[in-house]
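The shown structure was predicted, so the numbers you read here are calculated from the model rather than taken from an experiment.
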Amino acid sequence: MQEYNPKKIEKKWQKYWEDNKTFEVTEDKKKEKFYSLIEFPYPSGEGLHVGHPRPFTAMDVVSRKKRMEGYNVLFPIGFDAFGLPTENYAIKTGRQPAEVTKENIANFTRQLKILGYSFDWSRVVDTTDPNYYKWTQWIFLQLFKHGLAYKKNQPINWCLSCKIGLANEEVVGGVCERCGGPVEKRNKEQWMLAITKYAESLLQGLGTVDYIERAKIEQTNWIGKSEGASVFFSVIASDERSEERGNPTGIPSSLEAPRNDRILEVFTTRPDTLFGATYMVLAPEHQLIEEMKEKIENWSEVLKYIEEAKKKTDIDRTNDEKEKTGVELKGIKAINPVNNEEIPVWVADYVLVGYGTGAIMAVPAHDERDFEFATKHKVNIKKVVAPYLKDSPREDKETEERDVITAIVKNPKDNTYLCLDWKTTPWKSFPTGGIEGDDLETAAKREVLEETGYTNIKFIKQIGDSVFAEFYRPHKDSNVFAHFKYLLFELQNDSKLEIDQKEKDQHEALWVKEEEIDSFINVWNQKLIWKCMTEGECSYTDAGIAINSEFINGLKTEEAKEKMINWLEEKGFGKRETNYKLRDWVFSRQRYWGEPIPLVDCKKCGGWVPLPEEELPLKLPEVEKYQPTDTGESPLASIEEWVNTTCPKCGGSARRETDTMPNWAGSSWYFLRYMDPNNGKVFASKENMKYWGQVDWYNGGMEHTVLHLLYSRFWNQFLCDIGEVPFKEPYKKRTSHGMILAKGGEKMSKSKGNVVNPDEMVEKFGADALRAYIMFMGPFDQAVEWDTNGLVGVKRFLDRVWGLQERLDERNKKQETRNKAIDAIDVALHKTIKKVTEDIDAMRFNTAIAKMMELVNEMMKEEEISITSYQSLVTILSPFAPHICAELWEQYGEGDMVWPKYDPTKIVEDEITIAIQVNGKVRDELTVSVDISEEEIKKLALESEKVDKWIDGKEPKKVIYVKGKLVSVVV
RNA sequence: GCCGCGGUGGUGGAACUGGUAUACACGAGGGACUUAAAAUCCCUUGCUCUCGGGCAUGCGGGUUCGAUUCCCGCCCGCGGCACCA
């Protein structure tokens with residue numbers, strides 16, 4: 001046997017795969033396709049670090065297995081090469097970004113190749129290649145032609161150190177996401193993509209794909225859909241008071257006939273609380289303030305507030321527990337359409353311009369922010385929702401509606417409260433009971449007497465308002481829809497009557513200390529009222545039952561919303577409305593190293609004219625100087641000969657757009673190009689797209705679960721809508737890998753000097769060991785720390801696999817012992833095949849490898865192993881360690897490797913070990929035949945000496961048998 | 001604050017649907033081979049005691065014959081969103 005020499009065999013097989021184009025695929029209609037995708041890397045000057053191979057290896061394992069299962073597997077690779085780091089590096093070294101990119105790609109390619117990935121290298125895409133970005137520009141033009149790209153003057157986030165405009169999502173915690181530098185607001189004309197038009201579609205699409213739950217949740221939150229209503233409030237100045245004031249018949253009957261004053265539109269998700277809207281708030285930027293400045297009596301104060309608000313940065317404005325500030329607009333009022341009441345209008349910066357209409361109706365009783373504001377500024381608070389909880393009433397039981405009184409009895413001497421500990425249910429509560437037609441106080445006193453015997457308590461006050469709850473009462477075996485009221489009493493003296501036995505059986509009365517009440521009481525409504533009593537009034541923001549709200553009184557929140565929306569629509573005071581947090585996508589960058597936007601500005605034609613498709617790609621000019629500018633202009637703007645052009649429509653003089661596209665552009669459709677990478681006529685042929693279809697499995701970083709995924713889904717959906725792509729959702733399945741961290745739990749970075757270089761690891765241990773170790777490190781979706789020692793262990797495992805060659809049987813030698821050995825291995829082998837097969841599909845690579853290690857450890861104990869077992873081992877290991885396995889297969893395999901199927905009959909052992917428990921503790925183990933009957937094993941268990949000792953002569957109460965696992969004896 | 005994920009030996013981590021907790025690997029200790037070292041192989045390795053056991057899966061309760069797993073209440077760490085009306 002030759003020594004295991006990774007360097008030699010890895011080189012040999014990498015050359016073989018390249019020479020034979022082993023992994024290049026064609027659209028073979030006879031085979032079922034499988035498209036596996038990794039996020040294509042950004043080719044930085046630093047090269048790959050040891051974290052990069054994690055997702056690549058994982059999907060390589062998946063792809064190699066799928067191939068052995070007979071699929072036609074597309075597993076492509078490419079480079080997302082536009083972007084800042086390269087541009088910055090090029091500026092620093094005085095070179096061309098294109099040239100630097102070429103070098104970096106070459107280096108990445110070399111590094112990827114020595115890791116032995118089964119990429120189809122004939123399909124490489126490079127986003128900076130004009131043959132690629134021609135189509136990125138083409139897609140942009142389609143968006144433009146469909147009205148989804150528009151230019152808008154708006155404040156942008158300008159990073160002072162990168163000298164670049166950032167999308168909202170690139171500003172993290174008020175600083176630049178890439179460099180951590182300060183960000184300021186600047187006004188600039190920006191290209192925007194109307195992704196908000198796709199908000200609903202992007203949300204709905206999530207229901208049709210198999211993404212990790214977290215990705216779905218984060219995207220859903222990002223889209224931020226809320227449903228509710230727009231409500232129109234009239235705004236009047238005090239000198240405009242109309243005759244109709246106070247006259248209910250003056251309510252306008254439709255939108256077409258508003259009153260002679262201004263309309264303030266607000267969005268609310270809680271139209272059911274409209275009767276509780278006691279004031280309005282405008283964002284400082286709201287137009288109405290400026291429009292009504294003549295009417296505002298305290299204009300100078302208001303102006304001062306607005307000026308100050310504008311000065312604040314986003315961070316200051318949203319900063320933590322800052323007190324809510326605001327100024328009332330004196331002299332103007334809004335009219336609540338439901339009750340015609342005049343309510344004050346405020347300006348406050350807790351209302352944001354960017355969401356909804358930049359104005360709100362404030363309902364302090366049922367919104368925490370409004371409550372805080374109203375409390376501070378002494379604005380009226382009006383409750384319109386009573387708390388209500390449906391606490392799993394039983395469908396099959398009757399429901400009784402009842403008024404219920406709860407008595408909170410305090411003993412002022414020692415600050416304790418009278419409580420009940422229920423025996424028939426887990427409830428712990430205050431004395432509570434139904435009102436039998438008597439008044440609240442009498443009813444409460446009666447309940448206290450009946451349930452606890454205390455005769456002398458003094459009424460103090462009523463606490464809170466009504467609370468409703470629907471639940472099951474075990475002691476009465478029925479449901480109750482209860483309407484609770486709460487009264488506070490003080491105990492006068494200890495005089496007490498004997499109570500009924502029936503009451504005694506139901507609960508025990510006890511005195512609980514004030515500070516323990518919160519943890520003692522466990523019924524929802526009383527916990528709530530206790531909080532209200534001890535912490536003072538607070539806002540109730542959950543759903544409930546409408547009160548003090550005329551025509552919706554008594555309705556549950558959902559019904560109340562519906563009824564209110566219908567009423568608003570009927571009367572013309574509002575309409576059903578949906579809002580999204582998602583904003584349009586800022587698509588302009590003022591940098592050189594990006595795709596030029598293929599539009600020209602023609603004065604004669606009155607605006608933006610797209611380049612004809614034949615003129616694409618619009619290439620980046622090769623120039624000496626492409627430094628960013630401080631002015632916010634793109635570097636392209638200073639290249640006169642490029643900027644000045646002729647209008648494709650009228651032939652007159654025109655200027656090119658000088659902004660470039662953001663980095664997200666090229667990566668928003670690359671998976672489509674892979675299907676037909678060299679097509680010069682279209683971005684990808686329909687035929688190829690139909691064959692390869694959706695990406696079957698896409699794995700990428702957690703950091704891309706929101707933006708990249710959303711952007712690419714948007715482009716794909718759009719292309720699908722205009723008939724260019726045959727499927728709506730680009731990715732069928734999406735998974736994410738955890739990061740590989742440096743030792744100590746830090747991110748690997750050049751500046752920290754803790755980067756582990758894969759080249760070095762391959763040099764020392766071989767690519768196979770590195771790959772297998774990366775898969776073995778820990779759960780794939782969790783972050784793990786790099787540990788070179790662990791790599792040593794995996795290398796030892798491969799050494800042992802190699803060494804097993806020595807134990808292969810020589811067919812006719814020692815026939816008897818051989819058969820025995822093979823049988824012993826067979827069970828372990830088939831269990832391993834099963835586990836590895838399942839684990840790869842579920843991305844549990846670590847346990848797949850652990851299982852193969854176990855198998856090898858088993859095999860090491862045998863003097864001889866069969867060649868067929870060895871073949872199976874080599875096959876299932878090959879996705880992880882392809883080179884060594886290819887080498888071994890060349891010597892011991894027959895034909896092509898085919899993924900083995902486990903034989904269910906072979907994983908059944910004839911003897912099993914059954915644990916015997918006594919009172920839940922394992923006391924003995926019995927090895928018995930698999931097909932032992934329940935009676936037999938129970939009998940054997942009870943006969944066991946060790947068990948006997950623990951049973952200690954007692955009669956077993958119960959003996960439980962879990963098939964094939966254990967016997968549990970209860971004494 | 002809200003949403004999501006996680007907490008198991010000295011370390012990375014296993015554990016099916018509630019069924020023998022600690023697989024696999026690292027590290028450590030001991031031994032074999034060797035003139036010696038490396039490599040390799042074998043054994044031991046959760047804690048603890050009185051060697052029968054007792055205690056251990058972040059903490060405290062609960063359900064169960066039986067809980068890392070289910071329920072309730074906390075603590076800690078990570079990630080996302082963050083005045084979104």
S.K.: Of K921(A) and D370(A), whose nearest nucleotide on RNA chain B comes first from the 5' end?
M.R.: K921(A)
S.K.: Using a cut-off of strictly less than 4.0 Å, decide whether R800(A) has a side-chain nitrogen or oxygen near OP1 or OP2 of C41(B).
M.R.: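 For C41(B), OP1/OP2 do have a side-chain N/O of R800(A) under 4.0 Å.
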S.K.: Base, sugar-phosphate or nothing for W786(A)? Non-hydrogen atoms, less than 4.0 Å.
M.R.: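 Nothing, no nucleic acid heavy atom in range.
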S.K.: If the threshold is 4.0 Å, N to carboxylate O, is there a salt bridge linking E854(A) and K831(A)?
M.R.: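 Salt bridge flag = no for K831(A) with E854(A).
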S.K.: side-chain contact (heavy atoms from CB on, under 4.5 Å) with I932(A): which residues, sequence neighbours excluded?
M.R.: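 Applying side-chain contact (heavy atoms from CB on, under 4.5 Å) to I932(A) gives V928(A), E936(A), I937(A), L940(A), Y961(A).
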S.K.: Expressed as a whole number of Å, how far does the C1' atom of U57(B) sit from that of G46(B)?
M.R.: 11 Å
S.K.: Go along nucleotides 68-79 of chain B 5' to 3' and tag each nucleotide: B for a protein heavy atom under 4.0 Å from its base, S when only backbone or sugar atoms are that close, - otherwise.
M.R.: -----------S
S.K.: Between K428(A) and D421(A), is the closest basic N to carboxylate O distance under 4.0 Å?
M.R.: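 Yes.
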S.K.: Checking all strands, does T705(A) fall into the base, sugar-phosphate, or nothing category for heavy-atom contacts under 4.0 angstrom?
M.R.: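 Nothing, no heavy atom under 4.0 Å.
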S.K.: Using the C1' atom on both, measure G77(B) against C70(B) and round to a whole Å.
M.R.: 24 Å
S.K.: Looking at E372(A) and K376(A), does any basic side-chain N land under 4.0 Å from a carboxylate oxygen?
M.R.: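 Between K376(A) and E372(A) there is no salt bridge, as every charged N stays at least 4.0 Å from the carboxylate O atoms.
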S.K.: Does K861(A) pair with E858(A) as a salt bridge, N-O distance under 4.0 Å?
M.R.: yes
S.K.: Please pick, from A14(B), G19(B), C26(B), the nucleotide with the shortest atom-to-atom distance to any side-chain atom of N789(A).
M.R.: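 So the nucleotide nearest the side chain must be C26(B).
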S.K.: Measure centre to centre between the rings of F776(A) and F880(A), then say whether the value is under 6.0 Å.
M.R.: no
S.K.: Using a cut-off of less than 4.0 Å, is there contact between a side-chain N or O of N846(A) and OP1 or OP2 of G12(B)?
M.R.: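 For N846(A), the contact criterion (side-chain N or O under 4.0 Å from OP1 or OP2 of G12(B)) is not met.
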S.K.: Could you please name the option among A85(B), A25(B), C81(B) that lies closest to any side-chain atom of K581(A)?
M.R.: C81(B)
S.K.: Judged by each residue's nearest nucleotide on RNA chain B, which is more toward the 5′ side, M860(A) or V922(A)?
M.R.: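 By nearest-heavy-atom nucleotide position, the 5'-most residue is V922(A).
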S.K.: Looking only at N and O atoms, is any donor in the side chain of K324(A) or the base of C83(B) less than 3.5 Å from an acceptor on the other one?
M.R.: yes
S.K.: What integer number of Å spans the P atoms of G9(B) and G60(B)?
M.R.: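 G9(B) and G60(B) have their P atoms separated by 15 Å.
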S.K.: Can you tell me which nucleotide in G52(B), C16(B), G13(B) comes closest to the side chain of P779(A)?
M.R.: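 Of the options given, the side chain of P779(A) lies nearest G13(B).
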S.K.: In dot-bracket notation, what is the pairing pattern of RNA chain B, taking Watson-Crick (N1-N3 plus N6-O4 or O6-N4) and G-U wobble (N1-O2 and O6-N3) contacts under 3.5 Å, with [ ] crossing and | for other strands?
M.R.: (((((((..(((......[....)))((((((.......))))))(((....)))..(((((..]....))))))))))))....
S.K.: Can you give me the closest heavy-atom contact between A283(A) and L352(A), atom names plus distance?
M.R.: CB-C, 4.0 Å
S.K.: Is there a donor-acceptor contact under 3.5 Å linking the side chains of T357(A) and E265(A)?
M.R.: no
S.K.: Please report the shortest heavy-atom distance between A229(A) and L568(A), naming the atom on each side.
M.R.: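 Scanning both residues completely, I find the closest heavy atoms to be CB-CD1, 4.3 Å.
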S.K.: Distance check, C1' atoms only: C16(B) and G7(B), in whole angstrom units.
M.R.: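 The answer is 22 Å between these two C1' atoms.
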S.K.: Which listed nucleotide (C65(B), G54(B), A23(B)) is nearest to the side chain of V970(A)?
M.R.: C65(B)
S.K.: Would you mind reading off the distance between M280(A) atom CE and A85(B) atom C1', rounded to a whole angstrom?
M.R.: 11 Å
S.K.: Distance between the P atoms of G80(B) and U20(B), in whole angstroms?
M.R.: 38 Å
S.K.: Check the phosphate of C24(B) against T847(A), side-chain N and O only, distance under 4.0 Å to OP1 or OP2. Yes or no?
M.R.: no
S.K.: Under 4.0 Å between a side-chain N or O of R923(A) and OP1 or OP2 of U20(B)?
M.R.: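 So the side chain of R923(A) is outside the cut-off, no N or O lying under 4.0 Å from OP1 or OP2 of U20(B).
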S.K.: Distance between the P atoms of U48(B) and C42(B), in whole angstroms?
M.R.: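 28 Å, rounded to whole Å.
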S.K.: Name the orientation of the base relative to the sugar in G7(B): syn if the glycosidic angle is within 90° of 0, else anti.
M.R.: anti
